[in-house]
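Notes follow the structure.
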Amino acid sequence: MMPVTACLAPTPEGIAQAADLLRKGGLVAFPTETVYGLGGDARSDHAVARIFAAKGRPHFNPLIVHLPDAAAARGLAVFDARADALAAAFWPGPLTLVLPLRAGSGLSGLVTAGLPTVALRVPAHPVAQALLQLFGGPLAAPSANPSGRVSPTRAAHVTEGLGGRIEAVIDGGACAVGVESTIVGLDGAARLLRPGGVPVEALETALGQPLLLREAGKITAPGQLAAHYAPGAPVRLDAIAARPNEVWIGFGPQSAGAALTLSGTGDLAEAAARLFHTLREADRLAGPGGAIAVAPIPERGLGRAINDRLRRAAAPRA
Ligand code: TXA
Ligand code: MG
C-alpha cells in the first residue's frame, strides 16, 4: 500500500504523531544535524525491511542505529576505552561508532545485515533527540534518499525522493552540518570507514593515535561504493573554470564568477552545509544534456568529507 507522506511540524504534537507512527511499524523521516534520516523501529523486521524497500537499498548494506544517549547505546554494543573516549568527546554529534554487537540486543538482524557488529549514533539535533526519547527505543535511520542519490538536507528533498513511500517527514528546516556522520570502526584497530561531520584531525586528537583508512576494495558501507551521492548530470571536479555546457559550483573568492558557490569566503563548514542542496540546484540548472563542474576544495577538516562525496558524485556510473 502506498502511504500519502504527511509533513509534520517539529512541535511536541508533530513529534508525538511521528512516535505513534513509528510504534505502528511506520517509516518517518526526521532531521538530524547531518542529513535527514529515514527512521523505523530497529527491533522490527517489518519496519526495517520497509526501509530497505523504500530506499531501493541492497540488503547487504547495514543501517545505523540511532539512540538518545550513550547509556542506551551501551545496551546494544560492547564499548572499550577507545569507544568510551570518542563517545564522551563527540556524542551527541555527527559521529557513528561500529562496535561489537551485544548478544540479546533485540535488534532486527536486517539492521546489521547479519554482521557481528553494529553502527551506533547519538544525534544532537533537538528534534531527533525529542523523537528518540519519546519513541523510547532504537531507530534505524539511513539517509532519507533513494539509494545512490544525493542525501537530503531539507524536508522537501525527502519528499522529492521518497514521497508516497513513507508515512511522514518531520520538517525541521535545513541541516546545520550537511554531510553524514563520520564512521569509525572499533571492532579491531581504529579505522576510518567514512569521513564526515567530525573531522579526522579531531578524532585522532581525542584517540591519541592516528586512524587507519578502510581496507582497499572492502565495501562495508554503501557510502563506500564508487558511484554514490549522484546527481542526474555528470560531475567534473577540480574545475577552475566552466566549460560551455557546465554549471560551475565555486568555492572561495577565486571562483567569484561561478553560477553557484559552496562558500564565497572559502569556509569549509559553510560548504559542507550547502553541499547537497547546491548539487541539487546545479542539477536543475544543468538540465538535460548539461553538466556540473566543481571548484577545488582543500583536503583538510570537513574538506575531506566534502571531497569524498564529490568524488563519488563524479565517479563513473554503473
Ligand atoms: O549522518 C548520518 O550518519 C546519517 C543520519 C541520518 O544519521 N545516516 C546515514 O546512514 O548516513 P546511511 O545508512 O546512509 O549510512 C550508514 C553507513 C552505511 O554506509 C553502512 O554501510 C554503514 O553505515 N554501516 C552500518 N553498519 C555497519 C557495520 N556494522 N559495519 C560497517 N559499516 C556499517
Ligand atoms: Mg546514505
Side-chain angles (χ1 to χ4, degrees), residues 27-40 42 48 51-52 54-67 76-78 90-102 105 107-125 127-129 131-132 138-153 157-158 161-162 169-170 172 175-188 191-198 214-215 218-225 227-230 272 275-276 305 308-309 312-313:
L27 303 185
V28 178
F30 60 94
T32 82
E33 69 275 28
T34 58
V35 301
Y36 275 72
L38 175 54
V48 176
I51 293 177
F52 282 98
K55 281 181 64 82
R57 175 168 171 135
H59 278 82
F60 61 81
N61 283 314
L63 307 177
I64 297 180
V65 176
H66 295 64
L67 300 148
L76 302 181
V78 182
F90 301 106
W91 278 356
L95 174 67
T96 294
L97 298 178
V98 173
L99 297 169
L101 179 64
R102 236 181 230 296
S105 68
L107 294 175
S108 160
L110 288 172
V111 168
T112 53
L115 294 172
T117 54
V118 62
L120 301 177
R121 161 153 143 75
V122 175
H125 195 291
V127 172
Q129 273 289 328
L131 180 64
L132 284 162
L139 285 179
S143 52
N145 53 286
S147 190
R149 311 306 298 195
V150 178
S151 298
T153 52
H157 300 163
V158 175
L162 297 178
V169 53
I170 307 176
C175 301
V177 175
V179 290
E180 293 86 346
S181 60
T182 304
I183 306 181
V184 175
L186 291 177
D187 53 322
R191 195 177 289 279
L192 178 70
L193 298 178
R194 177 178 75 183
V198 176
R214 73 184 174 82
E215 292 159 68
K218 187 175 164 198
I219 292 169
T220 47
Q224 297 166 5
L225 296 169
H228 204 75
Y229 307 104
L275 177 66
F276 291 137
D308 171 80
R309 306 308 186 268
R312 291 174 211 290

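Counting convention: from 1, in listed order, for ligands and their atoms alike. No hydrogens, no waters, no symmetry mates; every other heavy atom, side chains included, goes into these values.
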For [X], take its heavy atoms, then give the atoms of ligand 1 lying under 4.0 Å from any of them.
X: H66; value: 5 (C), 6 (C), 7 (O)
X: L63; value: 25 (C), 26 (N)
X: A141; value: 6 (C), 8 (N), 10 (O)
X: G37; value: 6 (C)
X: S143; value: 8 (N), 9 (C), 10 (O), 12 (P), 14 (O)
X: L115; value: 28 (C), 29 (N)

With a 4.0 Å heavy-atom cut-off (strictly under), which part of [X] contacts ligand 1: side chain, backbone, both or neither?
X: T112; value: neither
X: R57; value: side chain
X: S181; value: both
X: T117; value: both

R194-S181 side chain donor-acceptor pair, cut-off 3.5 Å: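 Yes, a side-chain donor-acceptor pair sits under 3.5 Å.
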Distance-only polar pair, side chains of E180 and S143, donor-acceptor under 3.5 Å: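 Result is no, nothing qualifies.
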Metal proximity, S143 vs the Mg ion (ligand 2), N/O/S cut-off 2.8 Å: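 Here the distance criterion (N, O or S atom, under 2.8 Å) is met by S143, so yes.
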Euclidean distance, [Y] [atom2] relative to [X] [atom1], rounded to 0.5 Å:
X: N61; Y: F52; atom1: CG; atom2: CZ; answer: 7.5 Å
X: R57; Y: N145; atom1: CZ; atom2: CG; answer: 9.0 Å
X: L132; Y: F30; atom1: CG; atom2: CZ; answer: 5.5 Å
X: L131; Y: L139; atom1: CG; atom2: CG; answer: 5.5 Å
X: L38; Y: L27; atom1: CG; atom2: CG; answer: 5.5 Å

Nearest-option assignment for atom 16 (C) of ligand 1, heavy atoms, candidates V184, D187, I51, I64: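 Nearest option to atom 16 (C) of ligand 1, by heavy atoms: I64.
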Option whose closest heavy atom lies nearest to atom 17 (C) of ligand 1, chosen from I183, L120, L193: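 Checking each option, the heavy atom nearest atom 17 (C) of ligand 1 is found in I183.
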Any N or O of R121 closer than 3.5 Å to N or O of ligand 1: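 Yes.
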Contact (N/O only, under 3.5 Å) between T32 and ligand 1: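 By distance alone, the answer is no.
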V65: side-chain contact (heavy atoms from CB on, under 4.5 Å) partners, not counting sequence neighbours: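 side-chain contact (heavy atoms from CB on, under 4.5 Å) check on V65 returns A42, L67, L76, L107, V111, V118, L120, P138.
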Residues that P100 engages under side-chain contact (heavy atoms from CB on, under 4.5 Å), provided they are two or more places apart: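 side-chain contact (heavy atoms from CB on, under 4.5 Å) check on P100 returns V78.
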Test log, rule side chain to side chain contact (heavy atoms under 4.5 Å, CB included), inputs V169 and V28: CA-CA 5 Å; V169 53; V28 178; over 6 Å; no
